[in-house]
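Every number for a ligand or one of its atoms is a count from 1 in the order of the listing.
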Amino acid sequence: MGKSFAVALGAVLFISSLSHANVTLSDWIKNREGNALGLMLKNISPSGAAKGAVVASPSKHEPHYFYHWIRDAALIMDVVVELYKKAPTPEAKAHYFNVLMDYINFSRRNQMTPNPSGGLGEPKFEADGSAFTGSWGRPQNDGPALRAVALSRLAMIWLAEGKEQLVRQKLYESELPADRVIKADLEYVSHHWRATDFDLWEECKGKHFYTRMAQRRAMVDGAKLARFLGDGGAAGWYEQQARHISDDLLRHWDKGKKIIVTTLDRDGGIDYKWSGLDASVVLAVHHGFTGDGFFSPSDDRVLATVARLEEAFQKLYAINQKGIPGLAIGRYPEDKYDGYTTSREGNPWFLLTAAFAELYYRAASEFERDGGVLVTPNNQEFFARLGLAQFRVGNRIGANHPHFKDILSRVRAKGDDFLSRIRYHAPDGTFAEQYNRWNGYQQGAPHLTWSYGAFLTAIWQKPGH
Ligand code: NOJ
Ligand code: NOJ
């Protein structure tokens, strides 16, 4: 009996490991997508929170993430705007419409709630909508910019659907002082972007590439909306700010080090980010690129920074030296936040590993659209890391070149590798904030809303999905 049991158990183990191996990455993704979506939506207006609040995680202690962060919420709502746009049935569309409406009303309440920042740069609110009064890194000026970007996209969709009245009533009206959510955010961004503030990681005060990219996009997209609604004066003012922000953003490119430096003119907060490297540069592209060619996913300065970041995390994390597929990506090499306190050591994050997948997919799409790749001193290293070291600076690999298809498939396959890495540490598709740099186990806030959002936007860029 003992023996037949062992044989049976062996067979079960064999079959289950086989079935895991047999599920392709694409099938795993298709299978986990609904799960990720459901878990993300569960953190919007959860019980114990006001309608329209997006909690960063359901966790209420160690760590306490049951708050409405302006940044996390705006990024999640950008995903909901996409779901609204693509809704397969009128019922689904109506559902997402209500989710968005709750968020708009809650956001306007946030804007009008007196808070310790004394303005719209307040980073987070209690889940019931009241002000958070504990000490914190304030202000964080990416928040209003990201909210304006997500809602401007919604406004354009509503306008195309003939809902101009609704746009004017809820989102944008030219009168000042502003009393519509987008207009208030655009006014805030246009008058405050020059100030130093805390970065998206809530740690370092200065001028940040990430924040500036979000602010620039808010100004560019907001100007389009303003012009559409006949607010020409405001549109001109926002466009002018966008040009000044662009000039400032160019200062972040360090020609010598060949990286986009994350923070300049630091004047507060942590002081140990020696390398200047930060994966938020990739997020800056995802959240701040607005389709006008300025720091696009295939920009050679972005790709140079990606290569340096990969190199750094490869060396730094033990789990990147064990032959596991793909690469684990964290915030920045000197990170000390382990998901609970900032006195230990940082780890890879799911949302950043997903963001790298998304970057590779988006870069490949741009190469394809452009019908070629030009090898430059900046991106040469990026291509070398794909096993394409034979390409020399100045080479142009056009669409008819025998290697062009190979380049595209290598770039996309590397995107897949990052998703395989996520799968390895989260086979059931539930994501915390981090996974341990030594053993790969998940840690930090469980069910981080942003992890699910980042996973969804990444898989939506995967060709054939
Ligand atoms: C410190 C972390 O480094 C930061 O990113 C985080 O937002 C806060 N603690 C709050 O958890
Ligand atoms: C810590 C992260 O550093 C920050 O970007 C985020 O807003 C909060 N956690 C909430 O998720």
Under 3.5 Å, is there a donor-acceptor pair between the Ser280 and Arg331 side chains? no

Just by distance, no angles: are the side chains of Asn436 and Gln443 close enough, under 3.5 Å, to form a donor-acceptor pair?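 Yes, Gln443 and Asn436 have a side-chain donor paired with an acceptor closer than 3.5 Å.
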
What residue among Phe209, Phe295, Tyr210 forms ring pair (Phe, Tyr, Trp, His ring centres under 6.0 Å) with His287? Tyr210

Checking ring pair (Phe, Tyr, Trp, His ring centres under 6.0 Å) between Phe418 and each of Phe356, Phe350, Trp349, which is the one that passes? Phe356

Do ligand 2 and [X] have nitrogen or oxygen atoms that lie under 3.5 Å from each other?
{"X": "Arg331", "value": "yes"}
{"X": "Trp450", "value": "no"}
{"X": "Leu200", "value": "yes"}
{"X": "Tyr65", "value": "yes"}

Could you see which bit of [X] sits under 4.0 Å from ligand 2, with heavy atoms only: side chain, backbone, both or neither?
{"X": "Tyr337", "value": "neither"}
{"X": "Trp201", "value": "both"}
{"X": "Asp72", "value": "side chain"}

CZ/Phe382 to CG/Leu303 distance, rounded to the nearest 0.5 angstrom?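 Atom-to-atom, Phe382:CZ and Leu303:CG are 4.5 Å apart.
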
Under 4.0 Å from any heavy atom of Ala56, which atoms of ligand 2 are there? 10 (C), 11 (O)

Proximal ligand 2 atoms for Arg71, defined as those under 4.0 Å from one of its heavy atoms: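 Under 4.0 Å from Arg71, ligand 2 has these atoms: 4 (C), 5 (O), 7 (O).
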
Nearest neighbour in protein (non-hydrogen) for atom 1 (C) of ligand 1: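 In this structure, atom 1 (C) of ligand 1 has Thr342 OG1, 3.2 Å as its nearest protein heavy atom.
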
Give the residue and atom name of whichever protein heavy atom lies nearest to atom 8 (C) of ligand 1, and the separation in Å to one decimal. Glu202 OE1, 3.9 Å

Is there side-chain contact between Ser190 and Trp237, with at least one heavy-atom pair below 4.5 Å? yes

Mark the output for Trp349 as yes if a heavy-atom distance to ligand 2 is under 4.0 Å, and as no if none is.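 Right, Trp349 reaches ligand 2.
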
Between Arg212 and Ile245 the two heavy atoms that sit nearest each other are O-CG2, 3.5 Å

Ion pair check, Glu310 and Lys414, cut-off under 4.0 Å: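 Result for this pair is yes, salt bridge flagged.
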
Are the charged groups of Lys183 and Asp231 less than 4.0 angstrom apart, N to O?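 Answer for the salt bridge query: yes.
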
Check whether any N or O atom of Glu203, backbone or side chain, sits under 3.5 Å from an N or O atom of ligand 1, and answer yes or no. yes

Which part of Trp136 is near ligand 1, with near meaning a heavy atom under 4.0 Å away: side chain, backbone, both or neither? side chain

